[in-house]
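Reading through the structure tokens given below for one structure.
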Amino acid sequence: MSYPKRVYTNEVKEAEKLVKKGCRHRLTVKGNPDFRQKVKAALKLVKTAGYYNFLRSYIKSIIEIDGFTQLREAEASIWANKYAVANPVDAASLFLQKAHHMKEYLEGKMYYGGEAERRSVKKRIEFLETLKKRTRKKDVKEECERLLKSWSESVYL
């Protein structure tokens, strides 16, 4: 059984079962070379924090677009613009947040709106705290601290 090409209403339960059985996507990145390089840097941080398998469980691809950054649930893809990936630490935490949204989508939970947004922001903060502990790079630690401070002042918590 392979993961559905598109995850619409009828395929959600099938996709959720596959993820629970350990299905992982071969994550692809599509976009111009600069975009791909920045996403690769963010993915390296996701690996450092130990969240790469979580990300690959729920996300198939990260695709460069010109519009608003968003999760495309039916495609299990993140559509991101160049500004969303400019800062690798922030981009990595964004990818984890979107993967968490996708997880809740597959589980049939309300994955958007007030309470869902709070849960996904908590996942993003958890990621930043873990990355801060696991990285050896001073600049990454400092950026994690800066972003954590920013999120602590957020209306989502």
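As a basis for the values below, the full set of heavy atoms in this structure was taken, side chains included, without hydrogen atoms, waters or symmetry mates.
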Pair Q97, V121 - check side chain to side chain contact (heavy atoms under 4.5 Å, CB included), show working. CA-CA 7 Å; Q97 182 177 13; V121 166; 3.8 Å; yes

For E129, which residues count as a salt bridge (charged side-chain N to carboxylate O under 4.0 Å, His left out) partner, sequence neighbours excluded? none

Could you measure the distance from the NZ atom of K38 to the CG atom of N32? Nearest 0.5 Å is fine. 9.0 Å

Minimum heavy-atom separation for F54 to Y58, with atom names? O-CD1, 3.3 Å

Any donor-acceptor N/O pair, K141 side chain to K132 backbone, under 3.5 Å: yes

Does the side chain of H101 come under 3.5 Å of the side chain of S120 through a donor N or O and an acceptor N or O? yes

Apply side chain to side chain contact (heavy atoms under 4.5 Å, CB included) to L94 and R124, showing your working. CA-CA 7 Å; L94 172 70; R124 194 169 183 165; 3.6 Å; yes

Before accepting this row, confirm whether a basic side-chain N of the pair K20/E16 lies closer than 4.0 Å to the acidic partner's carboxylate O. yes

Looking at R134 and A49, what are the two nearest heavy atoms and their distance? NH1-O, 3.0 Å

Under the side-chain hydrogen bond (donor to acceptor under 3.5 Å, both in side chains) rule, collect the residues that match up with R146, sequence neighbours excluded. E143

Does a salt bridge link K149 with E153, judged by any charged N lying under 4.0 Å from a carboxylate O? yes

Partner set under salt bridge (charged side-chain N to carboxylate O under 4.0 Å, His left out) for K40, not counting sequence neighbours: none

K82 (side chain) donor-acceptor with F35 (main chain) under 3.5 angstrom: no

Cluster check Y105, I59: I/L/V/M/F/W/Y, side chain < 4.5 angstrom: yes

Taken to the nearest 0.5 Å, the spacing of L18 CG from S57 OG works out to 11.0 Å

Establish whether L43 and L131 are linked, either directly or via other cluster members, by ILVMFWY side-chain heavy-atom contacts under 4.5 Å. yes

Begin with the C-alpha distance, continue with both residues' side-chain angles, and end with the deciding distance and a verdict on side-chain hydrogen bond (donor to acceptor under 3.5 Å, both in side chains) for R72 and S77. CA-CA 5 Å; R72 301 294 296 181; S77 293; over 6 Å; no

Which residue pairs pass the ring-ring contact (aromatic ring centres under 6.0 Å, His included) test when at least one of the two sits in residues 113-133, sequence neighbours left out? Y51-F127

To the closest 0.5 Å, what do you measure between CZ (R36) and CD1 (I62)? 13.0 Å

Under the 3.5 angstrom rule, does the side chain of N81 hit a backbone N or O of F68 as a donor-acceptor pair? no

Indicate yes or no for a side-chain donor-acceptor contact from S61 to the backbone of I63 under 3.5 Å, with no hydrogens or angles considered. no

Rounded to the nearest 0.5 Å, what separates atom CG in L45 from atom CG in L128? 10.0 Å

Partner set under side chain to side chain contact (heavy atoms under 4.5 Å, CB included) for K47, not counting sequence neighbours: Y52

If you compare all heavy atoms of E64 against all heavy atoms of G31, which two are closest, and at what distance to 0.1 Å? OE1-CA, 3.4 Å

Please identify each residue that fulfils side chain to side chain contact (heavy atoms under 4.5 Å, CB included) with A91, with sequence neighbours left out. A42, V85, F95

List the atom of T69, the atom of A80, and the distance in Å for their closest heavy-atom pair. OG1-CA, 3.5 Å

Following the transitive rule for hydrophobic clusters with a side-chain heavy-atom cut-off under 4.5 Å over Ile, Leu, Val, Met, Phe, Trp and Tyr, establish whether L96 and W79 coincide in one cluster. no

Any idea which heavy atoms bring R56 and L27 closest together, and the distance? CG-CB, 4.3 Å

Hey, could you give me the CD1/CZ distance between I125 and R118, rounded to the nearest 0.5 Å? 12.0 Å

Above 12 or not: heavy atoms from other molecules or residues under 6.0 Å from CG of D66? no

